[in-house]
Trainee: 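One structure, pasted below without further comment.
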2 protein chains.
Amino acid sequence: MSLRCALLAQLNVEELSGYELTRRLAGSPGLFWQARSQQIYPELVRLEEQGLLTSRVVEQASRPDKRLYAITEPGRDRLREWVLSESPPSFAKDDFLMKVWSYGMVDPAAARRALSLHRTHHELRLARFEEAARVGSPGGAEALDARQFGEQLTIHAGLHVERSLLAWCAMAEEWLRERETAMRPSATEKGQTA
Amino acid sequence: MSLRCALLAQLNVEELSGYELTRRLAGSPGLFWQARSQQIYPELVRLEEQGLLTSRVVEQASRPDKRLYAITEPGRDRLREWVLSESPPSFAKDDFLMKVWSYGMVDPAAARRALSLHRTHHELRLARFEEAARVGSPGGAEALDARQFGEQLTIHAGLHVERSLLAWCAMAEEWLRERETAMRPSATEKGQTA
DNA sequence: TTCACCATGTAACACGTTACATGATTGG
DNA sequence: CCAATCATGTAACGTGTTACATGGTGAA
């Protein structure tokens, strides 16, 4: 439903090919919304059928030909409407937290290792967001054009979330360390229940 | 894939019916993983076919009979393995942030209204997490049993994330206010591009 | 020559949501 | 009598992933 609108949002800025859209959705917007080419190409066809996009083939020497998609007026209308529509927050469906839910039932030391590995993922993501923030706003806090403005907002959302999750990881590791030492003396069966 | 394990995690604590599991996954752990009965019942059947669960029918007077599911040893093995397995962070696929990406292209005042509505959702969720933290750890910081330990960890993850998102909302609303006033003087065509 | 990049797809499957369907008991 | 709660499902659909498939160009 909203891959549809993610594509419209990109094409609202400029004309792009399916290939280039695929690359975009692995870049900065892809930090919180990724999609694969196999999903994108058919979706573009559907959007054109619905009149939200038009396309034209551009012949290229020394490269395969490509089909450039452009947004139409109905497409812009659809996008505008969608952008301002309400959306419930979607921090639901988290694999990792479902695992953490059982951390009281496994060996605390093993849990702590898993957690610390997970933390490295978030450190990496934070670094990516920081990089994106630097690259995306060269003129500093102000002087953002229309596209950069929204992009920077989303990047900062990422920064906020990643930092808070790293803080949580530190707290959780501490909890596990405490649990570890609290269980050590009496833990003849290694404290495993799960 | 991990609804499977979400169910195993619940049943690792106690024997439950499909109905009760449905209720659980709309409660405290369900704050970050929800599933509907229509998905749960068939999944339980599949898990039993695979030998990860067993079930027995309990006849009830004055209530419909119910089928209680219990985890088996292979089920526990599967769960243990899953709990400690690596999972990449999953803050991907966020509808709302995809919308925010286009906030530079719509009327800033309208965007700010949408954002402020979104903020109320997060305020509500934060309140739910705070309530869950209070109810779930009556004995204070320590004295958590095996189940409460993991549950509290996940609840605190929720607390961290919700607070950071509220901070971000405040920042974003401020950005939009600034953009609003910056555009107002020269904005004869109301500043809409999208 | 081999690898990476450009460029576009199809097919099968897994996962999740919506809508529909049934039927008993308890409390207001 | 009506609504809510207990209890369990089926069917259709939409979305997303994995695997498979093709073929040209440019650089090392």
Side-chain angles (χ1 to χ4, degrees), chain A residues 1-8 10-11 15-27 29-30 32-50 53 55-69 82 87-88 90-95 98, chain B residues 1-8 10-11 15-27 29-30 32-50 53 55-69 82 87-88 90-95 98:
Chain A
M1 192 87 245
S2 48
L3 166 61
R4 192 128 57 232
C5 295
L7 296 174
L8 289 176
Q10 298 296 315
L11 295 172
E15 228 183 358
L16 293 165
S17 66
Y19 184 81
E20 184 55 28
L21 280 163
T22 302
R23 278 171 40 99
R24 300 288 176 105
L25 294 190
F32 52 84
W33 191 284
Q34 81 283 62
R36 313 192 185 273
S37 58
Q38 298 97 316
Q39 207 190 344
I40 290 172
Y41 286 110
E43 192 64 42
L44 287 169
V45 172
R46 246 168 284 145
L47 284 166
E48 189 171 13
E49 280 167 10
Q50 291 170 29
L53 298 180
S55 71
R56 63 195 179 91
V57 173
V58 175
E59 287 174 33
Q60 296 182 113
S62 83
R63 285 208 184 308
D65 296 353
K66 64 179 169 183
R67 181 176 291 273
L68 284 184
Y69 288 90
W82 176 76
S87 43
S90 61
F91 175 60
K93 298 282 156 77
D94 192 315
D95 242 54
M98 201 64 237
Chain B
M1 192 88 247
S2 48
L3 167 61
R4 191 126 62 233
C5 295
L7 296 173
L8 289 176
Q10 297 296 315
L11 295 172
E15 226 182 0
L16 294 165
S17 65
Y19 184 80
E20 184 56 26
L21 280 164
T22 302
R23 279 171 41 97
R24 299 289 175 104
L25 293 191
F32 53 83
W33 190 283
Q34 82 282 62
R36 314 193 185 272
S37 58
Q38 298 98 314
Q39 209 191 340
I40 290 172
Y41 287 109
E43 192 63 41
L44 288 169
V45 172
R46 245 168 284 146
L47 284 166
E48 189 171 14
E49 279 167 8
Q50 290 169 32
L53 298 180
S55 73
R56 61 193 180 92
V57 173
V58 175
E59 288 174 34
Q60 297 182 111
S62 83
R63 287 213 183 303
D65 295 353
K66 63 180 169 184
R67 182 176 291 273
L68 284 185
Y69 288 89
W82 177 76
S87 44
S90 61
F91 174 61
K93 298 282 155 76
D94 191 315
D95 241 55
M98 201 64 237

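Given the structure is predicted, the values throughout are model-derived calculations rather than measurements. By convention in this document, chain letters (A, B, ...) are assigned in the order of the sequence lines, proteins followed by strands, and residues within each chain are numbered from 1.
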Trainee: When rounded to the nearest 0.5 angstrom, what distance separates CD1 in Ile40(A) from OH in Tyr19(A)?
Mentor: 11.5 Å
Trainee: Give a yes or no on whether a salt bridge exists between Arg46(A) and Glu43(A), defined as a side-chain N under 4.0 angstrom from a carboxylate O.
Mentor: yes
Trainee: Yes or no on side chain to side chain contact (heavy atoms under 4.5 Å, CB included) for Leu7(A) and Leu16(A), after CA distance, side-chain angles and deciding distance?
Mentor: CA-CA 10 Å; Leu7(A) 296 174; Leu16(A) 293 165; over 6 Å; no
Trainee: Determine, stepwise, if the pair Leu21(A) / Leu25(A) fulfils side chain to side chain contact (heavy atoms under 4.5 Å, CB included).
Mentor: CA-CA 6 Å; Leu21(A) 280 163; Leu25(A) 294 190; 5.6 Å; no
Trainee: With the threshold set at 4.0 Å, does a side-chain nitrogen-carboxylate oxygen contact exist between Lys66(B) and Glu20(B)?
Mentor: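 No.
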Trainee: Can you measure from OH (Tyr69(A)) to CG (Leu44(A)) and round to the nearest 0.5 angstrom?
Mentor: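 Taking OH in Tyr69(A) and CG in Leu44(A), the distance rounds to 5.0 Å.
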Trainee: Just how large is the angle between the end axes of the helix from dT1(C)-dA28(D) to dG28(C)-dC1(D), five pairs per end, to 10 degrees?
Mentor: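 Here the helix ends are tilted 30° relative to one another.
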Trainee: Could you tell me which non-hydrogen atom of Pro64(A) sits nearest to which non-hydrogen atom of Gln60(A), and how far apart they are?
Mentor: O-NE2, 2.7 Å
Trainee: Without decimals, in angstroms, what is the distance between Leu7(A) CG and dT15(D) P?
Mentor: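 In whole Å, dT15(D) P lies 12 Å from Leu7(A) CG.
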Trainee: Does Tyr19(B) have a side-chain nitrogen or oxygen under 4.0 Å from the phosphate oxygens OP1 or OP2 of dT8(D)?
Mentor: no
Trainee: For the residue pair Met98(A) and Ser2(B), establish whether any side-chain heavy-atom pair is separated by less than 4.5 Å.
Mentor: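 No, every pair of side-chain atoms sits at 4.5 Å or beyond.
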Trainee: Can you tell me how far apart OG1 (Thr22(B)) and CZ (Arg24(B)) are? Round to the nearest 0.5 Å.
Mentor: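 One gets 11.0 Å once the value is rounded to the nearest 0.5 Å.
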Trainee: Has the side chain of Glu48(A) got a donor or acceptor atom that lies under 3.5 Å from a matching backbone atom of Ser55(A)?
Mentor: yes
Trainee: Output the rounded distance in Å from CG (Leu68(A)) to P (dC6(C)).
Mentor: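 Going from CG in Leu68(A) over to P in dC6(C) covers 15 Å.
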Trainee: How many Å lie between CD1 on Ile40(A) and P on dT17(D), as a whole number?
Mentor: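 Rounded to the whole Å, the gap is 11 Å.
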Trainee: How would you summarise protein contacts on nucleotides 9-17 of chain C per nucleotide, using B for base, S for sugar-phosphate only and - for none, with heavy-atom distances below 4.0 Å?
Mentor: BB----SSB
Trainee: Between Gln60(B) (CD) and dT5(D) (C1'), how many Å, whole number?
Mentor: 12 Å
Trainee: In this structure, how many angstroms lie between the P atom of dA7(D) and the CD atom of Glu20(B), rounded?
Mentor: 8 Å
Trainee: Could you run down nucleotides 22-28 of chain C 5' to 3' and tag each one B, S or - for protein heavy-atom contact under 4.0 Å?
Mentor: -B-SS--
Trainee: Evaluate the side chain to side chain contact (heavy atoms under 4.5 Å, CB included) criterion for residues Arg56(B) and Glu15(B): first the C-alpha distance (whole Å), next the side-chain angles of each, then the deciding distance (0.1 Å), finally the verdict.
Mentor: CA-CA 10 Å; Arg56(B) 61 193 180 92; Glu15(B) 226 182 0; 2.8 Å; yes
Trainee: For the pair made of NZ in Lys66(B) and P in dT8(D), what is the distance, rounded to whole Å?
Mentor: 8 Å
